[in-house]
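The block underneath contains the structure these notes are about, expressed in structure tokens.
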Amino acid sequence: MIDLYFWPTPNGKKVTILLEEASIPYRIKPLNIVKGEQFDESYLALNPNHRMPTMVDSDPSGGGAAISVFESGAILMYLAEKSGQFWPQSTDKKYAVVQWLIWQMANMGPKIGEYNHFNRLGSEQGDQSYAIRRFDDEANRLYGVLNYALHKHEFVAGAEYSIADMSVIPWAMNWKAHGQDLDVFPHVKRWLELVLSRPGVQRGLDVGKELTVDPNTFTPEEKERFRRLLFNQRAIPVPGGEFDA
Ligand SMILES: N[C@@H](CCC(=O)N[C@@H](CS)C(=O)NCC(=O)O)C(=O)O
């Protein structure tokens with residue numbers, strides 16, 4: 001059985017899209033990152049990066065002890081390989097998918113994450129205009145890269161729908177919140193219409209809807225707690241260790 005430590009954000013939804021598309025049985029283990037459950041000792045043992053998602057497979061192919069994997073891109077590769085779906089294995093197609101998956105993990109996810117961070121920060125943290133411009137440019141550049149790829153082929157990594165598409169969908173579907181205009185990126189628009197119409201994608205995006213919290217409804221105390229928990233994170237000590245890095 002696959003257990004997925006999950007909270008309904010784009011990085012979690014990449015994995016639920018694949019689980020639904022590939023009809024893999026799974027259980028959701030809600031990991032409330034707003035309350036700070038990513039720092040629980042038991043979770044750190046699975047994911048020392050204290051981020052969501054993490055997957056535990058208690059029934060790995062070939063038997064043996066349970067396997068635990070963190071980083072959404074690595075989880076997509078694990079599940080696609082195990083199910084034999086959405087990751088073609090000829091060397092050329094395999095690495096076409098890998099390069100786009102790593103592009104999403106190393107570029108689109110982190111840079112747009114920073115775009116969101118600086119745009120939501122608020123003026124009480126001082127002048128953010130350079131950071132906002134920097135990540136707005138970067139978001140625009142990345143949508144351009146995606147548009148360029150999709151003008152050459154139907155799907156992100158080529159002619160076949162794959163885990164590379166699944167890694168991009170929950171991010172690119174929020175183009176408006178990223179300050180972008182899809183009329184400027186018609187190939188992204190065409191592709192989004194196509195992939196968002198897939199029933200498996202819709203089911204994957206729906207997972208955990210009931211867990212969603214709207215930070216706009218937080219009391220001032222909750223807002224402050226949220227800020228302290230998620231912003232300005234620094235190194236955590238190993239168990240029993242103590243330092244103020
Ligand atoms: N590269 C990681 C990023 C994971 C990530 O940043 N997850 C966010 C939610 S989308 C998180 O757990 N945030 C909690 C925190 O910042 O403390 C992956 O793709 O798995």
Side-chain angles (χ1 to χ4, degrees), residues 2-19 26 28-57 67-80 87 97-121 125 135 138-139 142 156 162-175 177-178 204-209 211-215 218 222-237 245:
I2 302 294
D3 283 327
L4 183 67
Y5 292 83
F6 171 88
W7 197 247
T9 73
N11 288 322
K13 289 178 189 177
K14 293 172 188 171
V15 182
T16 50
I17 289 174
L18 174 58
L19 288 164
Y26 65 99
I28 290 290
K29 303 264 179 187
L31 185 88
N32 190 331
I33 58 172
V34 178
K35 282 198 180 138
E37 291 176 0
Q38 66 272 40
F39 297 104
D40 290 353
E41 213 61 74
S42 57
Y43 187 70
L44 285 174
L46 300 174
N47 187 337
N49 194 39
H50 49 85
R51 295 279 190 273
M52 176 293 306
T54 300
M55 178 222 71
V56 178
D57 181 3
I67 290 180
S68 139
V69 180
F70 66 88
E71 285 293 330
S72 56
I75 299 171
L76 290 180
M77 290 163 103
Y78 180 93
L79 292 171
W87 190 14
V97 170
V98 168
Q99 71 185 356
W100 281 104
L101 187 58
I102 290 184
W103 172 81
Q104 194 289 324
M105 295 293 297
N107 296 271
M108 192 179 218
K111 296 293 175 73
I112 291 181
E114 296 301 338
Y115 172 94
N116 289 336
H117 175 82
F118 286 106
N119 274 280
R120 292 172 188 163
L121 205 50
Q125 299 297 317
F135 290 108
E138 198 53 10
L142 292 165
V156 169
S162 73
I163 51 175
D165 297 275
M166 298 179 202
S167 72
V168 178
I169 293 167
W171 288 88
M173 65 185 283
N174 292 322
W175 53 273
H178 306 150
L205 291 172
D206 276 350
V207 173
K209 263 198 165 147
L211 300 171
T212 310
V213 285
D214 177 3
F218 287 179
E222 284 170 334
K223 273 196 184 136
E224 184 47 32
R225 189 169 180 276
F226 181 72
R227 182 182 289 277
R228 259 191 280 121
L229 193 68
L230 295 182
F231 298 179
N232 307 110
Q233 292 178 0
R234 288 172 66 84
I236 53 164

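Note that the numbering runs from 1 along the sequence shown for the chain. Reckoned from all heavy atoms, side chains included, excluding hydrogens, waters and symmetry mates. Indexing begins at 1, ligand by ligand and atom by atom, following the structure's order.
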Measuring from the heavy atoms of G109, does anything fall under 4.0 Å of ligand 1? no
Student check: side-chain heavy atoms of I236 and L44 closer than 4.5 Å: yes
Less than 4.5 Å apart, side chain to side chain, heavy atoms only: is that true for P8 and K209? no
Taking atom 19 (O) of ligand 1 as the reference point, the nearest protein heavy atom with its distance: S72 OG, 2.6 Å
Given M55, which of V15, L19, V69 fulfils the side-chain contact (heavy atoms from CB on, under 4.5 Å) condition? V69
With a 4.5 Å heavy-atom cut-off, do S162 and V156 have their side chains touching? no
For atom 6 (O) of ligand 1, grab the closest protein heavy atom and report residue, atom and distance to one decimal in Å. R51 CD, 3.4 Å
Numbering as shown, the atoms of ligand 1 that approach P53 to under 4.0 Å (heavy-atom distance): 20 (O)
Taking the side chain as C-beta and beyond, is there a heavy-atom pair between I75 and K14 under 4.5 Å? no
Can you list the ligand 1 atoms lying under 4.0 Å from a non-hydrogen atom of L230? 15 (C), 16 (O), 17 (O)
Atom 12 (O) of ligand 1 [closest protein heavy-atom partner, distance rounded to 0.1 Å]: M52 N, 2.8 Å
For the pair H50 and F39, name the ring-plane relationship: parallel under 30°, tilted 30 to 60°, perpendicular over 60°. tilted
N11 vs M105 side-chain heavy atoms within contact, under 4.5 Å: no
May I ask which of E71, K14, Q38 has a heavy atom nearer to atom 17 (O) of ligand 1 than the others do? Q38
Of the listed options (L31, L76, N11, I33), which comes nearest to atom 5 (C) of ligand 1 when hydrogens are ignored and any heavy atom counts? N11
So which protein heavy atom does atom 10 (S) of ligand 1 come closest to, and at what separation? T9 OG1, 2.9 Å
